[in-house]
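Worksheet: one structure, shown below.
Values reported hereafter were calculated over all heavy atoms of this structure, with side chains retained and with hydrogens, waters and symmetry mates removed. Residue numbering restarts at 1 for every chain, and letters A, B, ... go by the order of the sequence lines.
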Amino acid sequence: MASSRRQYPFHLIEPKWQQTWDAQQAFRAFNPGEEIPASHPFAIRHGADSMSREKVAGRKAPAKYYILDMFPYPSGTGLHVGHPEGYTATDILARYRRAGGFNVLHPMGWDSFGLPAEQYAVKTGQHPRVTTEANITNFTRQIKSLGFSYDWSRELATTDVEYFKWTQWIFLKLYNSYFDAEKNCARPISELIENRKSQIYNESAESLRAFVDSKRLAYVSEAPVNWCPELGTVLANEEVIDGKSEVGGFPVIRKPMRQWMLRITAYAEKLLADLDTIDWSDSLKEMQRNWIGRSEGAEVDFLVAGSGEIIRVFTTRPDTLFGATYMVLSPEHKLVAEITAPEQMQAVEDYKRFAAGKSDLERTELAKEKTGVFTGAYAINPVNGEKIQIWIADYVLASYGTGAIMAVPAHDTRDFEFAKKFNLPILQVVQPNDAKTDWQNFTDDGTAVNSGFITGLPTPEAKTKITLWLEEKNLGKKTINYKLRDWLFSRQRYWGEPFPIIWKKDAAGNLYHEALPESALPLLPPTLEDYKPTPGGEPPLARAKDWLNLPDGSVRETNTMPQWAGSCWYYLRYTDAKNAQSFVGKDAENYWMASPDSRPRTPDPKSTPGVDLYVGGTEHAVLHLLYARFWHKVLFDLGHVSTPEPFYKLVNQGLILGEDGQKMSKSRGNVVNPDDVLAEYGADAFRLYEMFMGPLQDTKPWNTRGVEGVYRFLGRVWRLFVDEKSETAFEQAETTSDLGSRRSESAEDHAFTSAAAELLDLILLDGGIADMDATPAQLKALHACIKKVTEDLDGLRFNTAISAMMVFVNEAMTWQSKPLSVLKPFLQLLAPFAPHLAEELWARLHSTFGQMAPSLPYAPWPKFDPSLLFESEIEIPVQVNGKFRDVIKVAVDADNATIEVLAKASEKAQPFLAGKTIKKVIIVPKKMVNLIVA
RNA sequence: GCGCGCGUGGUGGAAUGGCAGACACGCCAGACUUAGGAUCUGGUGCCGAAAGGCGUGGAGGUUCAAGUCCUCUCGUGCGCACCA
């Protein structure tokens, strides 16, 4: 507890205003067609009918501003100081936009499916829902105590039945769609079936099903997956870091399993191209581009000598084809067994076992040393008919390209290392343009040599020419490859959305899947006693036999969806959170996601609005943000949403480190708990400090001393407004009550707040405050502050905006008389940052002067008047030979001749001018003057 | 290895190519005070008594003028990593 005196009674002020905002639903956002209570401050500013359908359709309704935080996973440990950093930034902007006349959508919710609650359930048997709800309650209390202006009427949790019903519904859309390569978009599966039926007459049901199932955006695959024994589930590639699980750091092994996949690769090109239309940081876009990993090249067919087999390779350097001196297949390549010579069979089998036994981690760690064996088979190089050896090696990945390569050791580092180790021939086919550079292991562009018909061509032309040649001879073709893999979408867990899928057997006894109808949604998970996987290794859902087995003999899918599913579309649900008929209403979605406003959009002025600003951590750079974009694009193709991109502008808030400059962690003991900071300094100081620390995007260390600094600033604001003597009286009265020692536990603590209000009434305004004309100096201080704060808010420069307010207050503290007309706009500037204190002083200011206080959050944002900042006389620096020497005062409109005369006469410049000739004078009007002497 | 970002006082950080260090922390001195870990006033990049000199990781360059632009280099953080 604070041992020093409070700077101001934030402990009474903050609960009071939080309760007021709650009571009047001050931050509720209104949808098109929604009736607005006449007493609501939004109605008072914009009119009760301002959101009528007619006005929205006619673009007469207030412009929308959708500002979103990445919703948190409600963990058992509660909020840490990193969470509120982004939340504070978005709250300040939400309040600023509200004051600017926008209809602001600023919601909050919970990404509440997830592993920790399930692991707790496995240990204790407590249903994850119970754990989750308790955690949500705690998070809600913490978030509300910070005074954020969320529209809580739109709160959602991904674990809500009414929410995941629609997550399942979207899954059905994916299941029942395919990607039409010609139209370059997703289409309903029914169209595919129609086409197929018109082309193939009398196809068997089994054959048609197999065809259709192979085209769905959600499909079943039998491929090897990342299995984590410790977590008892498979993981997506993105969730595996260096061969270990991202969560927990447990070993991950490759294991073939039947899994649900989402065909995100179909969208690789769109996901890549549309990055250019959105305003994200370059580094983030780059991460997504890297992840998608587009590379242009060619596929080339090599004939296996003495057999009819063809090995297809992918290369980005077809121009080096003449230098291909051997080939490598991945150990898993399907032709390995067929082509291997009898005498090499044993060695190849041994190597395959060796490679398969390696975990992903070992593969990465052992990457330094190349391994492989000769198959005994030869291929024919299609350009020159050379016979070259075929090897297998695990430096060639089965999962990329065709799983086979042509090796050009002269111009590829990996092939070079391999050839060196195994004494394979190295043939130069590219000449570096710089003659001094060694051609061995030269991988850049140069000029083709020893390359038949492309010899002499620069690399780019050589590529084009040889690719055309290959296409003519039907030996290969231009190809684009992506690193991006399809999204592994199933998990062997309990606490996730069940798949609305059942399994049946056809006449031949083969299993096939079928989707439940939409009317069967939501599909609830069964109640379990035990949340562990079954002894047979089946997912926990398989334990519920009566849920699992249906009367007609079919069986439910026992996998559940990954945590990412719920976060793929929550931003859409917020626009119409209570809709029971649809995942989101058309009008609401269209208004919040697609209605344009006048603010400039930087990458592309015509880019779609989407969420206007999305703030969250970098940890979601490739996972959530790529998945959500993918779902959004599918929904867009199918006509369910209005824009191709979900998030127009995205900002990653920087990490907050502990006071020791290390990442905060329990083990280091450097975790700062917001509850403690709030108890000692209040929410406003906490918010202000989080923003004052430095630029939002930067990583920066926490420093409690710094909190004290902004806390003192708020204390100065308080003392700028209140009468000191009355404050003493207030403090004495407070000591005799019990309110000094306790803090309101919740915004519903009415007894506390009404007693607090009574106490606060003892505080009077400073006698210097009056309804009087402001002096020019006062107006100038105010308008300089308005200008700076407004511009900085537009540029998300919260730290410098706060510093501008400090400058203003430091000056205002010296004023004897304080005009209302200056203090009120200042409070408006302060309000987004420190809303509780601003509200309290705003109310007091108006009541003291017998005025009705307009709602502060909806009071129009002050405009700065440039004429008030006009200076008739300015100081400009005088330089001699570029070095600063003196300052001269000149009229703002002084001509160059006058400036030159004054500069030459300036006192401190004299010693540097004495005895020298002035050769040149450079004058930048209103900026500086530079005297060049010999 | 590749890609991206960042290097400014004791600290967090400010600076459309034009007076480097706004604002804040810390520190020093003073005022008020029974007291100060409250508040207020002044000071505070480094060297120097001063005049002045030197200063934005380092080295070059462009410019009348560079923390800012260019080249190289070192350090650091993040991301990717046998992706053919």
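- Relative to the six-membered ring of Phe418(A), Lys370(A) misses at least one condition, a distance below 6.0 Å or an angle of at most 45° to the axis.
- With both ends at atom C1', the span from G67(B) to C19(B) equals 14 Å, rounded to whole Å.
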List the steps and the verdict of side-chain hydrogen bond (donor to acceptor under 3.5 Å, both in side chains) for Thr371(A) and Tyr351(A).
CA-CA 9 Å; Thr371(A) 60; Tyr351(A) 185 77; 2.7 Å; yes
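- A ring-centre distance under 6.0 Å is not found for Phe692(A) and Tyr689(A).
- Listed candidates were C40(B), C80(B), C82(B). Nearest to the side chain of Trp291(A) is C80(B).
- U8(B) and G45(B) have their C1' atoms separated by 10 Å, given to the nearest Å.
- Here, G12(B) and G77(B) have their P atoms 15 Å apart, quoted to the whole Å.
- Between G55(B) and C6(B), the two P atoms lie 24 Å apart (nearest whole Å).
- Regarding contacts with the backbone of C4(B), every side-chain N or O of Arg289(A) stays at 4.0 angstrom or more from both OP1 and OP2.
- Residue Gln879(A) places its side chain closer to C19(B) than to any other of A84(B), C19(B), C23(B).
- Remark: Gln288(A) is not in phosphate contact with C80(B), judged by side-chain N or O atoms under 4.0 Å from OP1 or OP2.
- Nearest to the side-chain atoms of Asn930(A) among the listed nucleotides A65(B), C4(B), C19(B) stands A65(B).
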Distances under 3.5 Å between protein N/O atoms and the N/O atoms of nucleotides 48-55 of chain B, please, pair by pair.
unit_1	atom_1	unit_2	atom_2	d
G53(B)	OP1	Arg885(A)	NH1	3.2
G53(B)	OP1	Arg885(A)	NH2	3.3
G53(B)	OP2	Arg885(A)	NH1	3.1
C54(B)	OP2	Lys883(A)	NZ	3.4

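- The side chain of Ile932(A) lies closest to C64(B), out of A84(B), C64(B), G18(B).
- Rounded to whole Å, atom P of A15(B) lies 12 Å from atom CD of Glu791(A).
- Legend: salt bridge (Lys or Arg N to Asp or Glu O under 4.0 Å) pairs involving residues 784-800 of chain A, not counting sequence neighbours, sorted by first then second residue: Arg97(A)-Asp794(A), Lys787(A)-Glu791(A), Lys788(A)-Asp792(A), Asp792(A)-Arg797(A).
- Under a cut-off of 6.0 angstrom, the local environment of NZ in Lys421(A) is crowded, with over 12 non-hydrogen atoms contributed by other residues, nucleotides or ligands.
- Listed nucleotides: A15(B), G13(B), A84(B). Nearest to the side chain of Ile405(A): A84(B).
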Pair Ser295(A), Asn481(A) - check side-chain hydrogen bond (donor to acceptor under 3.5 Å, both in side chains), show working.
CA-CA 5 Å; Ser295(A) 63; Asn481(A) 242 306; 5.9 Å; no
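- The side chain of Phe692(A) has G12(B) as its nearest neighbour among G12(B), A84(B), G18(B).
- Nucleotides U56(B) and G7(B) are separated by 9 Å at their C1' atoms, to the nearest Å.
- At the phosphate of U11(B), neither OP1 nor OP2 sits under 4.0 Å from any side-chain N or O atom of Asn703(A).
- Rounded to an integer number of Å, the gap from CG of Asp698(A) to C1' of C78(B) is 13 Å.
- Between the CZ atom of Phe302(A) and the C1' atom of A84(B) there is a distance of 12 Å, given to the nearest Å.
- Judged by distance alone, the side chains of Gln288(A) and Trp280(A) never bring a donor and an acceptor atom under 3.5 Å apart.
- Tyr395(A) places its OH atom 13 Å from the P atom of A84(B), with the value rounded to the nearest Å.
- Annotation: side chain of Phe302(A) is in contact with side chain of Asn381(A) (closest heavy-atom distance under 4.5 Å).
- Nearest nucleotide to the Asn810(A) side chain, out of A81(B), C23(B), C19(B): C23(B).
- Among the protein residues, Ser295(A) comes within range of the sugar-phosphate backbone only, with heavy atoms under 4.0 Å from sugar or phosphate atoms but none that close to a base.
- Nearer to the 5' terminus of RNA chain B, by closest-nucleotide assignment, is the contact made by Lys700(A) (compared with the other of Lys927(A) and Lys700(A)).
- In secondary-structure terms, RNA chain B builds stems of at least 3 consecutive Watson-Crick or G-U pairs, each pair having both distances under 3.5 Å, at B:1-7 with B:74-80, B:10-12 with B:23-25, B:26-31 with B:39-44, B:45-47 with B:52-54, B:57-61 with B:69-73.
- Atom P of C23(B) sits at a distance of 39 Å from the matching atom of C74(B), rounded to the whole Å.
- Distance check on atom P: G3(B) versus G13(B) gives 27 Å, rounded to whole Å.
- Atom P of nucleotide A65(B) and atom NZ of Lys920(A) are separated by 9 Å, given to the nearest angstrom.
- Distance CG (Leu284(A)) to P (C80(B)): 12 Å, rounded to an integer number of Å.
- A distance of 11.5 Å separates CG in Leu720(A) from CD in Glu811(A), rounded to the nearest 0.5 Å.
- With C64(B), A84(B), A14(B) as the choices, the nucleotide that has an atom nearest any side-chain atom of Thr800(A) turns out to be A14(B).
- Stacking of Arg629(A) on the aromatic ring of Trp291(A) is not recorded, the 6.0 Å distance cut-off and the 45° axial limit not both being met.
- With RNA chain B read from its 5' end, the first of the two nearest nucleotides for Asn290(A) and Asn481(A) is the one closest to Asn290(A).
- Distance from the side chain of Met806(A) is smallest to C23(B) among C23(B), C19(B), C4(B).
- Here Arg712(A) reaches the OP1 or OP2 of C25(B): one of its side-chain N or O atoms lies under 4.0 Å away.
- Centroid-to-centroid, the aromatic rings of Tyr711(A) and Trp718(A) stay 6.0 Å apart or farther.
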